[in-house]
Amino acid sequence: MSAQKQAAVKRITPPDIRARKSGEPLVCLTAYDAPTAALLDEHCDLLLVGDSVGMVVHGLPNTIPVTLDMMILHGQAVMRGSNRALVCVDMPFSTYEASKEQAFENASRVLRETGCQAIKVESGVFIADTIRYLAERAIPVIGHVGLRPQAALAEGGFKAKGRDDASRRRVIEEAVAADEAGAFAIVIEGVAEDLAAEITAQVKAPTIGIGASAKCDGQILVTQDMLGLFDWTPRFVKRYADLKSAMSDGVKAYAEDVRARRFPGPDEVYAPKKR
Ligand code: KIV
């Protein structure tokens with residue numbers, strides 16, 4: 001789609017998302033490429049270009065090696081493929097934590113070079129000042145509390161949060177800090193239902209849960225997980241399709257046809273030029 005045409009279509013905006021607090025649940029999924037974004041667009045309110053792209057698409061063990069350039073490339077593709085859903089691009093590890101100025105520089109680059117509507121930061125309490133700095137400078141920010149995948153190295157893996165009193169208090173503090181700093185929505189990952197309910201009741205921004213129960217104001221999943229592309233998924237994922245079997249069956253049939261010289265058949269070859 002041309003840039004002019006894209007500009008003419010009305011996308012869902014950060015204020016639209018914010019207005020959905022306690023309303024119709026927000027439907028969100030991850031997207032990393034144009035054709036998938038085109039397929040998801042009519043069904044979703046928000047498409048997240050998650051830094052999970054590193055693991056889901058690039059085969060990395062975690063999200064730490066994901067770069068800003070990778071996020072921008074995938075963000076551009078998702079913007080090209082969609083025209084209705086709000087597109088939010090994740091700020092990857094080490095591109096926003098050093099200072100508010102670093103965050104502003106890199107977040108504005110993401111907005112400028114992709115045309116997306118928002119960025120997301122994994123938000124420990126220490127990031128609240130940065131969220132405020134960005135929000136005051138007209139950069140729409142989504143926070144991300146609870147299980148923060150970018151902390152996986154420091155924490156020794158992907159661990160559910162809020163399982164004891166201290167951890168519970170910390171997740172609430174993170175969410176309240178992001179809310180008061182001006183995040184227009186907050187992703188809550190990997191917490192028990194009662195904690196998700198308590199946070200959702202306490203913050204003004206809509207909460208978007210992943211492994212955080214139906215008590216949130218919306219839900220998000222990694223698209224490839226919910227479509228069944230992988231053998232293993234976290235327990236909170238429900239599989240809505242079996243993409244792995246469908247792709248494997250298709251590839252097997254193709255390989256058999258090629259080996260048996262059934263493909264290409266008469267329908268798949270160019271006819272000789274008529275003389
Ligand atoms: O990177 C990502 O895909 C995410 C979602 C899982 C919320 O942050």
Side-chain angles (χ1 to χ4, degrees), residues 17 25-33 36-37 40 44-68 70-75 77-78 82 85-97 107 110 114 116 118-124 127 131 140-153 155 157-161 171 174-175 178 183-191 196 199-200 205-213 216-227 229-230 232-239:
I17 296 287
L26 290 160
V27 179
C28 316
L29 282 170
T30 62
Y32 317 111
D33 62 73
T36 309
L40 305 181
C44 292
D45 300 304
L46 182 152
L47 299 178
L48 174 68
V49 186
D51 60 351
S52 52
V53 69
M55 300 166 80
V56 176
V57 174
H58 295 273
L60 294 166
N62 54 47
T63 58
I64 304 298
V66 174
T67 66
L68 200 66
M70 284 164 77
M71 296 309 300
I72 288 173
L73 208 60
H74 288 284
V78 169
S82 61
L86 180 144
V87 174
C88 174
V89 174
D90 258 351
M91 296 299 291
F93 177 71
S94 79
T95 64
Y96 62 96
E97 303 93 322
V110 169
T114 66
C116 74
I119 55 99
K120 173 164 82 60
V121 292
E122 292 190 9
S123 38
I127 285 296
I131 295 179
V141 185
I142 297 182
H144 181 153
V145 305
L147 192 165
R148 290 186 275 121
Q150 291 173 15
L153 286 185
E155 294 179 353
F158 300 100
K159 306 254 167 72
K161 286 283 149 26
V171 181
E174 286 170 1
F184 74 91
I186 300 173
V187 169
I188 308 179
E189 180 165 356
V191 306
I199 293 170
T200 299
T207 58
I208 301 172
I210 172 161
S213 87
C216 297
D217 297 303
Q219 297 297 321
I220 186 160
L221 284 173
V222 169
T223 299
Q224 284 79 349
D225 282 345
M226 54 81 77
L227 292 181
L229 189 61
F230 305 120
W232 182 89
T233 54
R235 71 174 288 243
F236 58 77
V237 173
K238 179 170 172 183
R239 286 178 191 228

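Remember, it's 1-based here, ligands and their atoms both numbered in the order they're listed. Worth knowing before you read on, the calculation uses all heavy atoms, side chains too, and leaves out hydrogens, waters and symmetry mates.
- Looking at atom 4 (C) of ligand 1, its nearest protein heavy atom turns out to be L48 CD2, 3.5 Å.
- Note that CD1 of I220 is 8.0 Å distant from CD1 of I142, once rounded to the nearest 0.5 Å.
- Residue nearest to atom 3 (O) of ligand 1, selected from G50, S52, G209, P149: S52 (by heavy-atom distance).
- Of all protein heavy atoms, the one closest to atom 8 (O) of ligand 1 is K120 NZ, 2.9 Å.
- To the nearest 0.5 angstrom, T223 atom OG1 is 5.0 Å from L40 atom CG.
- For atom 1 (O) of ligand 1, the nearest non-hydrogen atom from the set L147, V66, I188, D51 comes from D51.
- With M70 as the fixed residue, the side chain to side chain contact (heavy atoms under 4.5 Å, CB included) test singles out one of L68, I72, T67: T67.
- The atoms of ligand 1 that sit less than 4.0 Å from any heavy atom of D90 are 1 (O), 2 (C), 8 (O).
- The only member of V121, I119, V141, I131 that meets side chain to side chain contact (heavy atoms under 4.5 Å, CB included) when paired with Y96 is V121.
- Of the protein's non-hydrogen atoms, the one nearest atom 6 (C) of ligand 1 is I210 CD1, 3.4 Å.
- The residue from K159, E189, E122, K161 that alone fulfils the side chain to side chain contact (heavy atoms under 4.5 Å, CB included) condition with R148 is E122.
- Checked by atom type and distance alone, the side chain of E174 never pairs as donor or acceptor with a backbone atom of V145 at under 3.5 Å.
- When each atom of ligand 1 is checked for a heavy atom of T30 under 4.0 Å away, the hits are 3 (O).
- Contact annotation: for T63 versus ligand 1, there are no heavy atoms closer than 4.0 Å.
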